[in-house]
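Position 1 is the first residue of the sequence, and the numbers go up from there. What's counted below: heavy atoms across the whole structure, side chains too, no hydrogens, waters or symmetry copies.
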Amino acid sequence: MELDFGPAVRDFRDEVRDWLADHLVGEFAEHRGVGGPTDGAAWEVRLAWDRELSAGGWLGVGWPKEYGGRGLGLLEEIVFEYEYARVNAPYRATVNALDLLGPMLLKMGSEAQKKRFLPPILAVEELWGQGFSEPGAGSDLASVRTRAEREGDEWVVSGQKVWTSFGVHADWVYVLTRTDPQSARHKGLSLLLVPTDQPGVEIRPIRNLAGQDEFAEIFLSDARTGADMVVGEVGQGWRTAMATLGIERGTTLLPQQLTFEREAEALIDLARERDALDDPMLRRRIVDAWISVRIMRTTNLRTIAELTAGRTPGAQATTAKLYASTRHQQLGQLATELAGPAGQIVGEDYALDRRQRSFLLSLAETIYGGSSEIQRNIIGEQVLGLPKEPRP
């Protein structure tokens, strides 16, 4: 896939390409494409790669210079992400802080919070986890029950969070809590920054179908954090959380979509190897898979156009997430079928090949970032104007 973002950023694009060609070598090159939003493979290699990026000034390209960034524009950010994905570089280990927390702090954090947390993020000195979902409050975040009470100059936090990506590595977590015990649903929530290295925090890994433990559950028992560790206003945590999810559905789908395109090309190569293209029904499914990744490209470019024009992405951000996650699962299912019995045989100690790992991990894509059921409700109610789902 080739995209030209225009003459204004061609020199910057060439700089990105040259740096990646010089530095994506050795062990880093051997791990091209490793990892993902639900894939914790080769963690130490990816962490070392993030430090290499940091030393080259490639983390936080669009962040202000006073916090360690380059102070460039959104278009340069998009060009970097595109070129990064084009060479299939390792998935960044610091994605939680770089793509979610950092932009949220830039938008809604206090000046003290920005100065305290943004430079260590770009220096890969502190890692972050997200504390949103809970047992019984996954996609329905408004039902969170984790509570925080003010005691002097501290918040005391108790509750449980689950499905925290790379949580076992987190030095800090940003936690959606209920600070008004009399509130319900979206009201009375606050977003707190909580250090994990304290007696009141226990993090347990969750092992997934692919044999990895990149997810974790977090138990908070009178954990403490400073009174100044609220992002945004007290009681306005819902607005802060939604801003974070909006960031997640912005430019972050572009690298993922390029990965899907590579998988579609590999699917076609596999079909040729197995002489499967003579089967008209199978050929139709393969063509449909190829078309689906092109639709993802078009939808993502529409989202980028909205962002570069200074507008908040509209309905396409929600539809893009729903479409990409469901179609990627179908792509993985088809690849597994084409592989035949070999696609169901794992290696020693449950070692998976790239195709198997991608398919198993894709099963989570219709859950994280907002489940498909919730996305369909949003589309139905907010885009199509259909009646709201009845509440219990």
Taking the basic N atoms (NZ, or NE/NH1/NH2) and the acidic carboxylate oxygens, is any pair closer than 4.0 Å for Glu373 and Arg376? no
Tell me whether Val34 is reachable from Val95 by hopping between hydrophobic residues (I, L, V, M, F, W, Y) whose side-chain heavy atoms are closer than 4.5 Å. no
Assign the ring pair Trp128 / Tyr174 to parallel, tilted or perpendicular, where the plane angle (0 to 90°) is split at 30° and 60°. tilted
Thr225: partners by side chain to side chain donor-acceptor pair (under 3.5 Å), with sequence neighbours left out: none
Hey, what do you get for CG (Leu100) to CZ (Phe132), rounding to the nearest 0.5 Å? 8.0 Å
Would a distance-only check, ignoring hydrogens and angles, find a side-chain to backbone donor-acceptor pair under 3.5 Å from Thr94 to Ala97? no
Under the side-chain contact (heavy atoms from CB on, under 4.5 Å) rule, collect the residues that match up with Leu189, sequence neighbours excluded. Val144, Leu176, Arg178, Trp238
Heavy-atom closest contact (Gly167 atom, Ala216 atom, distance): CA-CB, 4.1 Å
Closest heavy-atom pair and its distance - Ser358, Glu263: OG-OE2, 2.7 Å
Distance-only check: which donor-acceptor pairs under 3.5 Å involve side-chain atoms of residues 284-292, not counting sequence neighbours?
residue, atom, partner, partner atom, Å
Arg285, NH1, Glu337, OE1, 3.0
Arg285, NH2, Glu337, OE1, 3.4
Arg285, NH2, Glu337, OE2, 3.4
Asp288, OD2, Arg327, NH2, 2.6
Ser292, OG, Ala289, O, 2.6

Any side-chain to backbone donor/acceptor pair from Arg46 onto Ala41? Under 3.5 Å, distance only. yes
ILVMFWY cluster membership beyond Ile345 - transitive side-chain contacts under 4.5 angstrom: none
Can you give me the closest heavy-atom contact between Trp63 and Pro103, atom names plus distance? CZ2-CD, 4.0 Å
Nearest 0.5 Å, please: how far is CD1 in Ile374 from OG1 in Thr366? 12.5 Å
Transitive ILVMFWY side-chain link Val87 to Leu53, under 4.5 Å: yes
Can you give each donor-acceptor pair under 3.5 Å made by side-chain atoms of residues 22-31, sequence neighbours left out, with the distance rounded to 0.1 Å?
residue, atom, partner, partner atom, Å
His23, ND1, Glu52, OE2, 2.9
His23, NE2, Trp19, NE1, 3.1
His31, ND1, Glu27, O, 2.8

Say whether, by atom type as modelled, one donor and one acceptor occur between the side chain of Tyr84 and the main chain of Pro90 under 3.5 angstrom. yes
Could you tell me whether Arg283 atom CZ has more than 12 heavy atoms of other residues or ligands within 6.0 Å of it? yes
Answer yes or no: is there a donor N or O on one side and an acceptor on the other, between the side chain of Glu76 and the main chain of Gly73, under 3.5 Å? yes
Could you work out, with side-chain contact (heavy atoms from CB on, under 4.5 Å) as the rule, every residue matching Arg147, not counting sequence neighbours? Glu149, Ser158
Those residues at least two apart in sequence (or on a different chain) that pass side chain to side chain donor-acceptor pair (under 3.5 Å) with Thr146 are Glu134
Euclidean distance, Ile295 CD1 relative to Thr319 OG1, rounded to 0.5 Å: 11.0 Å
Once rounded to the nearest 0.5 Å, what's the spacing between atom CG of Asn377 and atom CG of Leu386? 10.0 Å
With sequence neighbours left out, the residues meeting ring pair (Phe, Tyr, Trp, His ring centres under 6.0 Å) with Trp163 are Phe215
Set out, in order, the CA-CA distance, both residues' side-chain angles and the distance that settles side-chain contact (heavy atoms from CB on, under 4.5 Å) for Met229 and Trp172, then state yes or no. CA-CA 11 Å; Met229 289 295 104; Trp172 288 75; 4.1 Å; yes
Give the intermediate values and the outcome of salt bridge (Lys or Arg N to Asp or Glu O under 4.0 Å) for residues Lys388 and Glu381. CA-CA 6 Å; Lys388 291 188 176 183; Glu381 295 172 9; 5.3 Å; no
Could you report the tightest heavy-atom contact between Arg224 and Pro195, atom names first, then the distance? O-CD, 3.8 Å
Donor-acceptor pair, side chain of Arg150 and main chain of Gly152, under 3.5 angstrom: yes
So do the side chains of Asn88 and Leu258 get within less than 4.5 Å of each other, counting heavy atoms only? no
Share the residues that join Ile218 in a hydrophobic cluster, the rule being Ile, Leu, Val, Met, Phe, Trp or Tyr side chains under 4.5 Å apart at the heavy-atom level. Trp155, Val157, Val168, Val173, Val175, Leu192, Val194, Val201, Ile203, Leu220, Val230, Val234
Give the ring-plane orientation class for Trp58 versus Phe12, where under 30° counts as parallel, over 60° as perpendicular and anything between as tilted. tilted
How many angstroms lie between atom CG of Leu105 and atom CG of Leu118, to the nearest 0.5 angstrom? 5.5 Å
Apart from Phe219 itself, what residues make up its hydrophobic cluster, given side-chain heavy atom links below 4.5 Å? none
Shortest non-hydrogen separation from Ala170 to Thr196 and the atoms involved: O-OG1, 2.8 Å
Are Val61 and Tyr67 linked, directly or through intermediate hydrophobic residues, by side-chain heavy-atom contacts shorter than 4.5 Å (ILVMFWY only)? yes
Is Ser54 reaching over with its side chain to a backbone N or O of Asp50, donor-acceptor style, under 3.5 angstrom? no
Donor-acceptor under 3.5 Å (Asn96 side chain, Ser165 main chain): yes
Working to the nearest 0.5 Å, report the span between CE of Met296 and CG of Leu331. 7.0 Å
Within a strict 4.5 Å, meaning less than it, do heavy atoms of the His169 and Leu47 side chains meet? no
Check Leu270 against Ala339 and note the closest heavy-atom contact, atom names and distance. CD2-N, 4.0 Å
Note, Met108 side chain near Leu191 side chain (heavy atom, < 4.5 Å): no
Report yes or no: does Gln356 contribute a side-chain atom to a donor-acceptor pair with the main-chain N or O of Asp353 at less than 3.5 Å? yes
What pairs of residues pass the salt bridge (charged side-chain N to carboxylate O under 4.0 Å, His left out) test when at least one of them lies in residues 268-282, not counting sequence neighbours? Asp269-Arg272
Do Trp49 and Ile121 land in one hydrophobic cluster if side-chain heavy atoms of ILVMFWY residues count as linked below 4.5 Å? yes
Report yes or no: do Leu72 and Tyr82 belong to one cluster of Ile/Leu/Val/Met/Phe/Trp/Tyr joined by side chain heavy-atom distances under 4.5 Å? yes
Does anything in residues 115-132 form a salt bridge (charged side-chain N to carboxylate O under 4.0 Å, His left out)? List the pairs, not counting sequence neighbours. Arg116-Glu126
Do any N or O atoms from the side chain of Glu217 and from the backbone of Arg204 form a donor-acceptor pair under 3.5 angstrom? no
Would you check if Phe117 and Leu193 make a side-chain contact, meaning some heavy-atom pair closer than 4.5 Å? yes
Got a salt bridge between Lys114 and Glu66, using NZ or NE/NH1/NH2 to carboxylate O under 4.0 Å? no
With no hydrogens and no angle check, is any side-chain donor or acceptor of Thr177 less than 3.5 Å from a backbone partner on Ser190? yes
